Amino acid sequence: MNETNSVNHDSATTSGQERPELQAAIQDIVDSGFAGMQLRVNEQGREWVGSAGVRKLGETAKPPTNGHFRIASTTKTLVATAVLQLVAEGAIGLDDPVADTLPEFGLDGRVTVRMLLQHTSGVFNFTGEFDPDGTLLPGIPALGQEYVDALSHTYQPQDLVRLALSKPARFEPGTDWGYSNTNYVLARLLIEKVTGRTIAAEMQRLILHPLGMSNTVLPDASPEIPHPHAHGYYWYEDAGRPKVADVTRMNPSWASSSADMISTTKDLHTFISALMGGRLLPAPLLAEMRTPHPKSGDFRYGLGLFVEDTGRGGTVVHHNGGFAGWAAMMYSTLDGGTTLTASLTLGDAELDFTTVAKAFEQAKQRLVTEVFHGGKADETPAPAADTTP
């Protein structure tokens with residue numbers, strides 16, 4: 001029987017034996033090359049939690065179902081929500097030029113707050129970009145031994161922005177869509193400038209404290225991760241030789257506010273359920289958040305959220321994320337009544353990024369089908385999940 005040591009006592013919790021399709025799904029996901037997984041599903045007051053795989057390589061204990069994990073790009077939805085709350089408070093305008101508040105970077109005056117949240121600024125992605133022909137345009141160290149060596153380095157958010165702005169813009173502001181982590185580092189600096197407080201303090205004021213999300217952490221440059229937690233691993237090649245690095249402890253300042261937060265499946269459920277339930281934003285701003293930009297195409301990206309048609313008369317919102325060693329999932333119906341939150345950790349399997357991304361996508365689709373589609377797959381596949389920070 002799966003480990004169920006973290007239970008929301010306000011709802012009925014079912015065991016893995018009562019949802020065998022979910023337990024089987026996460027076991028199959030682990031068998032595809034992941035070290036471990038924890039999953040939480042809330043459906044109209046009923047909750048199921050389970051885990052599969054191992055907490056740490058070389059051990060037999062399963063990942064704790066109340067375990068902390070690095071949520072990677074799922075961070076963006078929380079940051080976007082905080083920015084929109086400041087819009088609601090009148091501290092900033094959604095269509096204000098960012099350069100008016102952050103003049104020190106020489107940012108194109110046409111880039112607005114809205115463009116940061118919807119990835120339409122055209123600003124270069126500091127973790128690197130790919131040209132249409134597949135050529136990598138590098139940013140900070142992001143692969144192999146160079147990446148591992150840099151995990152002890154402290155990056156300042158201002159330096160990440162300056163690196164990105166030293167590269168040519170990908171397109172004219174507002175004319176196209178392109179996922180860029182730099183947008184959300186700029187959003188952090190915007191929050192801190194207009195409030196005079198750190199993003200951690202503002203996140204506590206606006207989201208974490210009101211919702212009781214006591215297990216969610218903004219680590220800044222700290223490599224620590226609260227207990228309990230599973231371990232994440234990064235497999236790579238160095239000079240033609242395979243290596244595995246335990247990346248559980250890392251300095252996440254390289255990702256900054258684009259992907260640095262730590263949370264739990266329960267806290268992510270609390271957040272996305274409250275957000276979709278209208279407890280964090282006024283209805284007009286929530287509606288804007290959930291409206292995809294036309295240039296985002298099949299990705300259907302709004303303001304810090306992906307919006308996915310289920311193909312069966314319904315819609316789900318989500319923001320997944322992942323980087324070396326870690327992946328996170330956060331899904332919800334539009335009313336917040338049904339949610340799926342999960343964490344996956346990579347092991348020592350010799351999987352390149354493309355293989356991992358494909359396995360993650362298959363895992364995501366199977367779980368979304370089980371929870372939101374009544375176990376029946378749609379004929380048209382959804383766009384690939386975000387598996388980069």
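The structure presented is a predicted model; accordingly, all values stated were derived computationally and were not measured.
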Q: Give the minimum heavy-atom separation between Phe171 and Thr120, together with the two atoms involved.
A: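 Nearest heavy atoms, Phe171 then Thr120: CE1-O, 3.5 Å.
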Q. Closest heavy-atom contact between Thr65 and Gln38?
A.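 Taking Thr65 first and Gln38 second, the nearest heavy atoms are O-OE1, 3.0 Å.
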Electrostatic pair [X]-[Y], nearest N-O below 4.0 angstrom:
X      : Y      : result
Glu224 : Arg249 : yes
Lys243 : Asp149 : no
Arg290 : Glu288 : no
Asp176 : Lys295 : no
Arg40  : Glu47  : yes
Arg162 : Asp159 : yes
Arg110 : Glu172 : yes
Glu129 : Lys167 : no

Q) Looking just at side-chain N and O atoms, do Asn215 and Thr264 make a donor-acceptor pair shorter than 3.5 Å? A) no
Q) Would you say the side-chain atoms of Thr182 pair up with the backbone N or O of Val161, donor to acceptor, closer than 3.5 Å? A) no
**Q.** Parallel, tilted or perpendicular: ring planes of His231 versus His229, cut at 30 and 60 degrees
**A.** tilted
Q.
Going by side-chain contact (heavy atoms from CB on, under 4.5 Å), Met289 matches just one of Leu117, Leu280, Leu275. Which one?
A. Leu275
Q.
Using ring pair (Phe, Tyr, Trp, His ring centres under 6.0 Å), reason through Tyr147 and Tyr234 one step at a time and then give a plain yes or no.
A. CA-CA 10 Å; Tyr147 170 74; Tyr234 175 46; 5.4 Å; yes
